[in-house]
There are 2 protein chains.
Amino acid sequence: MPWSPEHKQQTRDKILQSAAHLFTHNGFNKVSINQVMERAGLTRGAFYKHFNSKKELYSEAVVYGARRMTRDRLDREPDLDRILDLYLSEEHVNSVADACPLAFLVSDIALRDEESRQGYQQVLKGFIKRLAQSTGKDMETATIASILMVGGVALARAVDSPELIEQILNTAKAESKRQLLEAEDVVN
Amino acid sequence: MPWSPEHKQQTRDKILQSAAHLFTHNGFNKVSINQVMERAGLTRGAFYKHFNSKKELYSEAVVYGARRMTRDRLDREPDLDRILDLYLSEEHVNSVADACPLAFLVSDIALRDEESRQGYQQVLKGFIKRLAQSTGKDMETATIASILMVGGVALARAVDSPELIEQILNTAKAESKRQLLEAEDVVN
DNA sequence: GTCTATACATTGATAGAC
DNA sequence: GTCTATCAATGTATAGAC
């Protein structure tokens, strides 16, 4: 029975990790606390020693999942061209692994409470700013690219036809690369 | 008691209209059949004489709402510049009136059954094709503009800060207008 | 075709033993 | 801190009177 001082923190992290995965892929309503705890290797009853409500868990899990995604993907991949390939890929859209909550939950968040939306908002702001800084482009260009990336993945996830999915992803990929990676046009 | 032959059809339409509004603004799970029927001026029990399940209602309501939106807005407004102003406006994002299911439900649809996703997909295809035809641009340009429009409204709905909402909407508006309305660049 | 009443399942949250 | 047991609420779907 390892009741070491950091045991609770580790358990909390396992719950958050489980919740981030389940919520990102299934939204708020289709995930039960039971599922989250089972995936974390625990039972329902223990949940409320770590969080006050399902809403609170969701709010924290969205930020947790987004930050994890950022750290594991963006931070260790210096090549932005490759990041765009990965983000706007069928593997990401159909991912069984971790995915980007910004895209997967974009219209799930709109239905949640203020805490959840503000967490999402902070992550989105960081996402846009990071794109701007790493490319040297202005905030407007980074915003365009962000809408294309997040909107592209969200839209691709909403349809079935492989051709349409490919059309959406390839178009968003090409245009966001054009916006972010090509040299400034003298005409503009 | 007007049990005229078209009475059932009228009732069905009232249910669909109520459902389209409620589902578009609140997603599948936060809407109950009770709510839908109340808004249509009926009670729960009558529902199953018109539809077989909540899923079936949702599937039809999404298409119904999208087509209504298209007919009432796009068809009677010849000025595309003005259409973009209306679509990418705070009024649309915060609408209490009818809104575009393509944007409001983009990540709600991904969680539903195949029938719902295919309905959504047909509407989206029509949306892109219409943009291409009415501007004379190619499908790729129309796809970019669609992602910016749908993604822009969806993202704006996910955040709280008025400044960020404005930034997202204005950027998406300017870029989609540039894509759709400006003359071809000779350089490209 | 619409109503009221109800069966039945799910699930968020709490209580109490260990 | 984790477990089992349970409460209370919600909501889909069905049954049967009118």
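Model, not experiment: these values are computed from the prediction. Letters A, B, ... mirror the listed sequences (proteins, then strands); counts begin at 1.
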Step by step, would you call F23(B) with L57(B) a side chain to side chain contact (heavy atoms under 4.5 Å, CB included)? CA-CA 10 Å; F23(B) 280 136; L57(B) 174 65; 4.0 Å; yes
Just say parallel, tilted or perpendicular for the rings of F127(B) and Y87(B), cut-offs at 30° and 60°. tilted
Check this one for me: any side-chain N or O of Y48(B) less than 4.0 Å away from OP1 or OP2 of dA13(D)? yes
Counting side-chain heavy atoms from CB outward, which of dT2(C), dG12(C), dC3(D) is closest to I33(A)? dG12(C)
Choosing from dC3(D), dG12(C), dG11(D), which nucleotide comes nearest the side chain of A46(A)? dC3(D)
Plane angle bin for F104(B) and H25(B) - parallel if under 30°, tilted between 30 and 60°, otherwise perpendicular: perpendicular
Which nucleotide in the list dA13(C), dC3(D), dT2(C) gets nearest to the side chain of R44(A)? dA13(C)
Selected nucleotide, minimal atom distance to H7(B) side chain, candidates dT2(D), dA13(D), dT2(C): dT2(C)
Would you sort out whether E175(B) and Q179(B) count as a side chain to side chain donor-acceptor pair (under 3.5 Å), showing the intermediate values? CA-CA 6 Å; E175(B) 182 63 16; Q179(B) 295 275 350; 3.0 Å; yes
Check the phosphate of dT2(D) against T11(A), side-chain N and O only, distance under 4.0 Å to OP1 or OP2. Yes or no? yes
Starting at atom NE2 of H50(A), determine the distance to atom P of dG12(C), rounded to an integer number of angstrom. 17 Å
When the distance from NZ of K55(B) to C1' of dA13(D) is rounded to whole Å, what number comes out? 13 Å
What's the closest nucleotide to the T43(A) side chain, out of dT2(C), dT6(D), dT4(D)? dT4(D)
What contact category does V31(A) fall into here, base, sugar-phosphate, or nothing, at under 4.0 angstrom with non-hydrogen atoms? sugar-phosphate
Please tell me which of the listed nucleotides, dT12(D), dC3(D), dC3(C), lies nearest to the side chain of K54(B)? dT12(D)
